[in-house]
Amino acid sequence: MSRDVNNKYWDEELETLPREELEKRQLADLKEIVKFAYENAPYYRRSFDEAGVKPEDIKELSDIQKFPFINKKTQRDTQGVGSFLGELCAVPEDDVVFISTSSGSTGVPTMSPFTKKDFDEFQDTESRWFWQIGMRPNDRYVHALNFSLYVGGPDVIGAQNLGALCIWGGTLPSERLLFILKTYQPTIIWTSPSYAWQLGEKALKAGIDPKKDLNIKKIIVAGELGGSIDATRKAIEDLWGAEVYDFYGLSDIFGACAAMCEAKDGLHIAENHILVETVDIHTGEVLKPGEVGELVFTTLRKHARPLIRFRTGDIGWIDNTPCKCGRTHGRIHINGRKDDMFIVSAVNVFPSDIEAVIREQKDITGEYLIRVFEKDFTCKYSVEIEKKADNPDTDEEVASKVSAALKARIGVKPYTVVVHPDGGLDTRSEHKSRRIIDERKLDYSI
């Protein structure tokens, strides 16, 4: 199927469906997937029966609230039980053509299986996101993401299906990747926000000006919150002279489930594949659209392993109001991970808030490390930063300025701000950067 390269939509009918029609389609898919899960996945039959609910109870979208939640622990507890793919899987292994796994950063890695139909629809969604940020068949694209079991690896197929010239970069050493960028002059790259920043810095140190010597017009970032933090996104854009777009994905579902459009006001989520709820992190009470809580996703079309009311652990909100771009699918805004949030003096602090402040400061490098610890039986935090080599201010002056900026933005100042010389922090990484060290020993569960 040939597409008009001047049309800003990959699938105009789908992307601009009136809200009423979109929800009508969601309801039809929801009824089908809940019934399919109940009839084919041992875990869902058991949990639905225990909760006293049946697929027939789904009469409208809000009826999903009657059904029990699942989470990462559910996946771990059922994985390998009864079969290789476990009790959440709803198809025989012979129907599965691909599996990815989570990183295991919060526990045992969990598998995410796909049937061929699941996988094909996953890649069509990736094509849609690539098209949405302006990728066209005449683009050269470098996919600089991990291919080792990572669900984002196959997303490059979505770019190939769109018609772009694709370079399967993977997690190459910086020197090799810079060689590719300089030699092949690609126009689009996808990596993590921290690595996009670090790669630009390394280019400058190698005598390569990203703005003049390279041809990158657009940078896709994912895997960390930076792409949705205005200050971080602007810093990367200024460094590269390129547009930065944030993508959001879950190994539990598929690669990029949501992506920015040109308006850069949240990330459009594929509501034809995912039903979104937001719930109170303590009570599980469903919140209204626009209210901040834990995002809960129900997959509407993924049959290998349906996820019914999956608590993502991501804190944010959904905006269903019309977007300037004309797309009608809701936009999610991510504040942070529930696991990463900490409370200081009754204030909820997200690392993304700290990052926003750090990236706005002109005389520090933008690298940072957060330490969360206990002092006098209360939670405190400190921030470590790097002073630029040409910054004439004393370390004390830099620390005072950063501390005041954090107090103004977040409401609580850090216990200390530790200033390192340029390059003194060990936070630079070819992949995701480790930014938080939790030294607490008490139970601070939220």
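Hydrogens, waters and symmetry mates play no part in the numbers below; they use all other heavy atoms, side chains included. The first residue in the sequence is number 1, and the count goes up from there.
Using a cut-off of 4.0 Å between Lys/Arg side-chain N and Asp/Glu carboxylate O, K218 and E243 are scored as not salt-bridged. Salt-bridge check for R409 with E360: passed, with a basic side-chain N closer than 4.0 Å to an acidic carboxylate O. Taking 4.0 Å as the cut-off between side-chain N and carboxylate O, D139 and R136 do not count as a salt-bridged pair. The pair R359-E355 meets the salt-bridge criterion, with a side-chain N (NZ, NE, NH1 or NH2) lying under 4.0 Å from an Asp/Glu carboxylate O. A salt bridge links D238 and K234; the closest N-O separation between the charged side-chain nitrogens and carboxylate oxygens is under 4.0 Å. Using a 4.0 Å cut-off between charged nitrogen and carboxylate oxygen, D11 and R128 do not count as a salt-bridge pair. Of the charged side-chain nitrogens involved, none lies within less than 4.0 Å of a carboxylate oxygen, so that R233 and D246 do not count as a salt-bridged pair. One finds no salt bridge joining D363 and K388 here, because no Lys/Arg side-chain nitrogen approaches an Asp/Glu carboxylate oxygen to under 4.0 Å. Salt bridge annotation for D77-K73: present, with a cationic side-chain nitrogen under 4.0 angstrom from a carboxylate oxygen.
V91 and A304 make their closest contact through CG2-CA, 3.8 Å (heavy atoms, listed as atom of the first residue, atom of the second, distance).
With a 6.0 Å cutoff to the six-membered ring centre and a 45° limit on the axis angle, K264 counts as a cation-pi contact of Y245. Because its NZ or CZ atom is not both nearer than 6.0 Å to the ring centre of Y9 and within 45° of the ring axis, R327 does not count as a cation-pi partner of that residue.
The side chain to side chain contact (heavy atoms under 4.5 Å, CB included) test with L300 is passed by exactly one of E271, E32, K31, Q26: Q26. Evaluated for a ring-ring contact (aromatic ring centres under 6.0 Å, His included) with H143, the options W190, W168, Y150 yield exactly one hit, W190. Each of E15, E262, Q132 was checked for a side-chain hydrogen bond (donor to acceptor under 3.5 Å, both in side chains) with K8, and the lone residue meeting it is E262.
Residues S112 and D252 bring no donor and acceptor atom of their side chains to less than 3.5 Å of each other. No donor-acceptor contact under 3.5 angstrom links the side chains of E367 and T365, judged on distance only. Side-chain contact of D124 with S127: a donor-acceptor pair under 3.5 Å is absent, judged by distance alone. No side-chain N or O of R305 forms a donor-acceptor pair with one of T299 less than 3.5 Å apart. Residues E294 and T312 have side chains that never bring a donor and an acceptor to within less than 3.5 angstrom of each other.
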field: Stepwise salt bridge (charged side-chain N to carboxylate O under 4.0 Å, His left out) test for K324 and D265
entry: CA-CA 9 Å; K324 293 177 182 177; D265 180 17; over 6 Å; no
task: Take K380 and E374 through the test salt bridge (charged side-chain N to carboxylate O under 4.0 Å, His left out) and record every step on the way to the result.
output: CA-CA 6 Å; K380 303 286 186 182; E374 298 152 358; over 6 Å; no
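For D29, the salt bridge (charged side-chain N to carboxylate O under 4.0 Å, His left out) partners are R301, not counting sequence neighbours. Remark: D49 pairs with Y38, R45, K54 by the side chain to side chain contact (heavy atoms under 4.5 Å, CB included) rule, at least two apart or across chains. Partners of R46 under the salt bridge (charged side-chain N to carboxylate O under 4.0 Å, His left out) rule, at least two apart in sequence or in another chain, are E87.
A donor-acceptor pair is defined here as one N or O able to donate and one able to accept, closer than 3.5 Å; no such pair exists between the side chain of N7 and the backbone of D4.
With rounding to the nearest 0.5 Å, the separation of NZ in K211 from CG in L239 is 7.5 Å.
Taking the six-membered ring where tryptophan is involved, the planes of F373 and Y415 are perpendicular, since the angle between them exceeds 60° and thus also 30°.
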